Amino acid sequence: MAESFELPKQYDFQTAWERWYPYWEENKLFHSTPNPDKKPFTIVIPPPNVTGALHMGHALNNTLQDILVRMKRMQGFEALWIPGTDHAGIATQAMVEKKLREEEGLTRNDIGRDAMVKRIWDWKDSFEKRIIGQLKKLSVSCDWDRLRFTLDPVCARAVRNTFFTFFEKGLIYRGKKLVNWDAALQTAVSDDEINNETQAGHFWYLNYPVIDPQPGDLEFVTVATTRPETMLGDTCVACHPEPRKQLDLLEKQLRDALADAKDAEKDELEAKLEALLKRRETHLELLEKLAAMAKAGKKLLLPLANREIPLVADIWAKPEMGTGCVKITPAHDPNDFEVGKRTRVPFISIMKKDGTLAAEASVYTWDGKKFTNITADAPELSRTVPEKYVGMKMLDARDLMVADLEAAGVLVKVEEHEHEVPVSDRSKTIIEPFLNDQWFVRMADLAQSAMDAVTDGRVKIFPERYSRTYLDWLSEKRDWPIGRQLWWGHRIPIWYVRAVDGSDKMPTEAELAAAFAGRSDVKWVWDEEGKEWWICLREGEMNADVIPGYTLVQDDDVLDTWFSSALWPHSTLGWPEQSEDLKYYYPTSVLITSRDIITLWVARMVLAGLQNCGDIPFPNVFIHPKILDKYGETMSKSKGNGIDPIDVIQKYGADALRLGVAWLSTDSQDVRLPVDFECPHCGEKVEQTKENRIRPRVKCPKCKQFFSTQWAKKEEDVALPRGTVISERFEMGRNFCNKLWNASRFVMMYLMEDLDEVSKPDYTLQPVADSELFMEDRWILSRLCTMAKMFTEGLERYDYATCVRTLYDFTWDEFCSNYIEIVKYRLQTPELKATAKRVVAYVLDALLKLWHPVIPLITEEVWHLMAKVAPKRGLTAEDLAREQPESIVRAPWFVDFAGRINPTIEEQFVVFQDVLKAVREIRSRQNVPVKQDVQFVVKCPDEVAALLLPMKPYFSSMAQATLVDCGPNAAMPALSSNATGANWELGVNLEGLIDVEAELKKNRAQRDKLIGFITGKEKKLSNEAFTSKAPAKVVDAERASLADLKAQLAAVEEAIARLEK
RNA sequence: GGGCGAUUGGCUCAGUUGGUUAGAGCGCCGCCCUUACAAGGCGGAUGUCACAGGUUCGAGUCCUGUAUCGCCCACCA
């Protein structure tokens, strides 16, 4: 005999995880292997960086993935979700270096490469553990047997093979480029790792003397600069070759623009034109002089360095701006770099890698094809930095140089100027453009292939507007610098040849061919510029001594993190091995990520997938919103406004967190999540402000005690209890789970009555015939199917918020507040309870399934309880024949959509709900005591009466009201409170109870309101334009509505008349 | 400078191709610890849909402009 059980009144979310997550893992419910009988559904996780713990954005991202994966698994797909983490090169190394510096006062160079890498691995291990712990607490259904890390051997193999293939195809090259140099981290960083910050600065105007000026020539030219310290690397001054022509052109463009400009823009354009005309007046003579001098090959004397530089003509010098000419420092400015290449002036790199000025600058020339290092041959250029500045940091040298320039009479003017300064995202130091060797991926073809995939629809991006971000970025087709001067990452698989005797001789092609005879896994090319071989090895370690007389040394640099991330969808599946996994699961089904990495990651995955696998990595990309705080700022630990999902889970449960974030996931680009402290002493919410969120301790305004924050450093602060950072937004999810729990508890309470019956081995159930169903049964089944259909279809469009809100409303309002309340009466009436139990169990069963992807823990818990009290809970023979799996994780998705959807009944039921609500409102308004029974009548057409009369017991049970008369001839009680609906009028008999004044007041307000509507509608309907132009359907609806309103008004007026008597 | 997005009750947000009286959660007010649920029930109040024009019989929804805010990309000596 089965034992009945009692359940607590409140859902115990705090221990739910312990009950179910280990159960799922032990039973391998998330593990997937290729199954030819099923269709695959694959997602790869956007691998979180091992730089730190997960934040709310990750919680959102992973919840959304889990919802889809769990639904697809239940729908019968072979669902696989591959988890993993990303080594995040620069970011992680920077974190560990910072720690090393702060705790031990050491730099990476102090401890050496191997020790440093070891420390980063330790860091990685600890954060990977933490991240995975967080993900598991979120209750995600990843296949943990397939956990990957972007530096693990499987991924490394994919990286090596990709690099080798690209190298073989000539898609990888090494060139000298201006890189963004982070002198603090001593590495180049990509454009994407830089933020521009507005800073107050100056324009310094300098006079460069003209050497040997001829009559008519200028004595000196004036240039303006925001970075005077770079002047030592100047190799020319540029002016426009044809200033008159250029000014004419600009003038024409402005006049054209003005001709078809809108009024609002005219002022601005006219001002510009005026300025231009004035400029022509004041500067043209000077500009033409400059152009002539440049043509004549005039030279200037570069102050401080005291060397000659030419005046050249180049279109970069805009005649309409500044002094008309511009100093060119090709090795220290991106624009000047291009000018240098065009004008073929030398490139002088005056900075060392540590950000200080070099005693010997490096000098290069560009011949249109390649750079040549001429440092040794050009001492007058390489010794451009006067001794006094050598070893100074660039910025420090600036002040001294400005002073010296002023002393030399060269500085003629200083202007205040606000400008943008590039700052390294990681080290927060100013970026210096720096001439360096760099490995690049040629992007022209690769980018085009990735663009095509989106333009021809093979890859769809949701919401669609983000396609533009993707396409715009790719269309620039800028070559991708892939080297990073770091130690943490995939080392570039290129080896250089060094002679063992220390000379700079190189082996011949024949020697290489002999050394690597018969090997297709080695490729080498000759680098014209550096006069050396580049040897690439597909896999494994290079034998350093393979060429007699030479030794091979590997490039020191590592690859950009995104190089390995780009391979993630296929590297995780074992590519390049053509495994069953790869064939079965690739392409993956959808990628879910945030908008900030559409370009860096999504675009590169598409091109890498196409290149390596010949197919797109995923047909769909869903971009979810970004979570901001209440000020609209991004959450981050450094601002103190970040939330650890674990804190939310502890306070509200994983289900509540998941429901909360899914609720927020609309198609807008960001959502705000107000964040507050919770006082550890009294539990009070303490509003988080921009002021208090950066303090080490905060005082609770309620209990007046202090608590610590993440900033607590001092001992006395650390000793205080920690105030967690949470958001009460998640109460909604917690409350909902509790509601669902209690609804389940209630349903099971009645199902338990049959426990003895149910637990017999030969227990069977008969299908429920349609005729046995009551109207409310048909209504709830119809609503259930309608909602389930919307939910299922909505998720296919990634419309999470709508789906979740729809199902929430259905569960709470329709199932709990309406159906369960209705069906209580039947459950408590022996001869009526059988069908009611079956329907209520059926609907709950369906709800558990539909909710499971969103709130997996509570649904699994109830599922197991339901298995005890109602092992079979279907309505049809098919339902009853189906075996329910032990875990809801593998339960079949609810798909009984079409059969039971009945729009008519859904519509009709609204009348019952309206009447019920009206009766309740009257009771409330008239302060009728709770236990006082009232009588009411409804005057309505026969067909409405036919719907309402069977509901009579429910008016009693749900509103303590007895329906005494219902139909076209129902007579209103003499002293009543009334309400009207579209085609009904009700009166609650309030003999002896009524507050006549209150009632009159309410009725008069209602009358005025109705008159307002009626007037509006009459006006609308008397408008011929409306009746003739609007669709007939709309006009008819308006007429019907007007008739209803008039009937209601009549009823209200009658009621008023009765009351006034 | 270019692009994208936002602006709806006290707060955070929904609002499907323009169509009757604009919704939710939290908060607020009143009544109720009614045998599923006080993390609850029943009822209630609160919105000139940022502003100004326009299109339309009809605009929160479409168009133009303005303001404020946010994000992305680029950047001039």
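Values below: all heavy atoms of this structure, side chains included; hydrogens, waters and symmetry mates excluded. Labels below follow one simple rule: chain letters A, B, ... track the order of the sequence lines, proteins then strands, and each chain is numbered from 1. Everything numeric here is computed off the predicted structure, so don't read it as measured data.
Note on A/Y652: nothing from the nucleic acid sits closer than 4.0 angstrom, heavy atoms only. Within 4.0 Å (heavy atoms only), A/Q10 reaches at least one base atom of the nucleic acid. No contact: A/D472 has no heavy atom under 4.0 Å from any strand. Backbone-only contact: A/S817 has heavy atoms under 4.0 Å from sugar-phosphate atoms and none from a base. Base contact: A/A317 has a heavy atom under 4.0 Å from a base atom. Within 4.0 Å (heavy atoms only), A/Y466 reaches no atom of the nucleic acid at all. When heavy atoms are screened at a 4.0 angstrom cut-off, A/K917 is found touching the sugar-phosphate backbone but no base atom.
A/T225 places a side-chain N or O within donor-acceptor distance of the main-chain N or O of A/R227, the cut-off being under 3.5 Å.
Pairing partner, B/G53: B/C63, with both Watson-Crick or wobble hydrogen-bond distances short of 3.5 Å. Figure legend. B/C28 is base-paired to B/G44; pairs are counted as Watson-Crick or G-U wobble with both atom distances under 3.5 Å. Taking a pair to require two hydrogen-bonding distances under 3.5 Å in either a Watson-Crick or a G-U wobble arrangement, B/U21 remains unpaired. Pair assignment for B/G58: none, as no Watson-Crick or G-U wobble contacts are both less than 3.5 Å. Shown here, B/C69 forms a base pair with B/G5; the pair counts as Watson-Crick or G-U wobble because both key distances fall under 3.5 Å. Across all strands shown, B/C75 has no partner, as no Watson-Crick or G-U wobble contact with both distances under 3.5 Å is found.
Of the side-chain N and O atoms in A/T666, one or more sit less than 4.0 angstrom from OP1 or OP2 of B/A14. At B/A24, none of the side-chain N or O atoms of A/R805 fall inside 4.0 Å of OP1 or OP2 (strictly under the cut-off). Not one side-chain nitrogen or oxygen of A/K931 sits closer than 4.0 Å to the OP1 or OP2 atom of B/U34. When the side-chain nitrogen and oxygen atoms of A/K739 are compared with OP1 and OP2 of B/G41, one or more of them lie within a distance under 4.0 Å. Remark: A/W812 is in phosphate contact with B/G41, judged by side-chain N or O atoms under 4.0 Å from OP1 or OP2. Contact check, A/R478 against B/A74: a side-chain N or O comes under 4.0 Å of OP1 or OP2. Phosphate contact (OP1/OP2 of B/G30, side-chain N/O of A/N927, threshold under 4.0 Å): absent.
With B/G30, B/C37, B/G19 as the choices, the nucleotide that has an atom nearest any side-chain atom of A/R745 turns out to be B/C37. The listed nucleotides are B/C57, B/A36, B/C4; the one nearest the side chain of A/F1026 is B/C57. In the set B/A39, B/A36, B/C13, B/A36 carries the atom at the smallest distance from any side-chain atom of A/A743. Taking only side-chain atoms of A/D670, from C-beta outward, the nucleotide of B/G70, B/U12, B/C4 with the closest atom is B/G70.
For the C1' atoms, the distance linking B/A45 with B/G9 amounts to 10 Å, nearest Å.
With A/Y750 as reference, A/Q828 is the one residue of A/R826, A/Q828, A/K833 to meet the side-chain hydrogen bond (donor to acceptor under 3.5 Å, both in side chains) rule.
Salt bridge annotation for A/D670-A/R595: present, with a cationic side-chain nitrogen under 4.0 angstrom from a carboxylate oxygen. The pair A/R478-A/E476 counts as a salt bridge, with a side-chain nitrogen and a carboxylate oxygen less than 4.0 angstrom apart.
Protein atom CD of A/E821 is 14 Å distant from nucleotide atom C1' of B/C32, rounded to whole Å.
Interface remark: the A/E731 side chain does not form any donor-acceptor pair with the B/A39 base, using a distance-only criterion of under 3.5 Å. Residue-to-nucleotide contacts include no donor-acceptor pair under 3.5 Å from the side chain of A/K9 to the base of B/C37.
Ring centroids of A/W741 and A/F13 are separated by 6.0 Å or more, keeping the two rings apart.
Under a cutoff of 6.0 Å and an axis angle of 45°, A/K1020 and A/F1026 form a cation-pi pair. Geometric assessment of A/K824 against the ring of A/F746 yields a positive cation-pi assignment under the 6.0 Å and 45° thresholds.
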